[in-house]
Amino acid sequence: MDIAQYQVAIVNLDPTIGSEIKKTRPCVVVSPDEMNRHLKTVVIAPVTSTSKPYPTRVKINLQNNESWVVIDQIRTIDKARITKVVATLQPDEILEVKDVIKQTFVD
């Protein structure tokens, strides 16, 4: 399956431990396409439909529903966890995700 950066894919995140986001849910692929083409893993940020406006959350419109990209729960997964691709972020959403990633992980 070809996966591109900023696509939204349905991912099975179980099993999890502790406070990790659980269950099968949409996730945004944040790893660059060069990695996505050559590795068997991708880096994702889970999406949730319920969130408070934390500084590490980015509001998006996913299939006409308000959702949140959870930057503080970024993780690497095997591509076998991906069920299907359902959407791609809009350009303004991509810019916001990039900005929050930089603010969160780059000092």
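None of the values given here were measured: they were computed from a predicted structure.
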Could you grab the distance from atom [atom1] of [X] to atom [atom2] of [Y], nearest 0.5 Å is fine?
X: Gln5; Y: Lys98; atom1: CD; atom2: NZ; result: 7.0 Å
X: Arg81; Y: Arg75; atom1: CZ; atom2: CZ; result: 5.5 Å
X: Ile77; Y: Leu13; atom1: CD1; atom2: CG; result: 7.0 Å

Whether over 12 other heavy atoms sit under 6.0 Å from Lys22 NZ: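 Counting neighbours around NZ of Lys22, more than 12 heavy atoms of other residues, nucleotides or ligands fall under 6.0 Å, so yes.
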Connected hydrophobic set around Ile74, excluding itself, where side chains approach under 4.5 Å: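 So far as hydrophobic clustering goes, Ile74 is joined with Tyr6, Val8, Ile10, Val28, Val30, Met35, Leu39, Val43, Val47, Val58, Ile60, Leu62, Val69, Ile71, Val86, Leu89, Ile94, Val97, Val100, Ile101, Phe105.
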Donor-acceptor pair between Thr41 and Asp78 side chains, under 3.5 angstrom: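 Distance-only check fails for Thr41 and Asp78.
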Test item: [X] side-chain N/O and [Y] main-chain N/O as donor-acceptor pair under 3.5 Å:
X: Asn61; Y: Ser67; result: no
X: Gln73; Y: Ser19; result: yes
X: Asp14; Y: Lys23; result: yes

salt_bridge(Asp2, Arg37) N-O dist < 4.0 Å: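 No, this pair does not count.
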Nearest atoms (heavy-atom pairs only) where Gln7 meets Thr88: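 Heavy atoms of Gln7 and Thr88 come nearest at CG-OG1, 3.8 Å.
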Quick one, [X] and [Y] - any side-chain contact, counting heavy atoms below 4.5 Å?
X: Ser49; Y: Trp68; result: no
X: Arg25; Y: Cys27; result: yes
X: Val11; Y: Thr83; result: no
X: Ser51; Y: Val70; result: no

Side chain to side chain contact (heavy atoms under 4.5 Å, CB included) between Val42 and Lys79, worked out: CA-CA 6 Å; Val42 293; Lys79 288 179 184 175; 3.8 Å; yes
Side chain to side chain contact (heavy atoms under 4.5 Å, CB included) between Thr16 and Ile21, intermediate numbers included: CA-CA 7 Å; Thr16 59; Ile21 286 188; over 6 Å; no
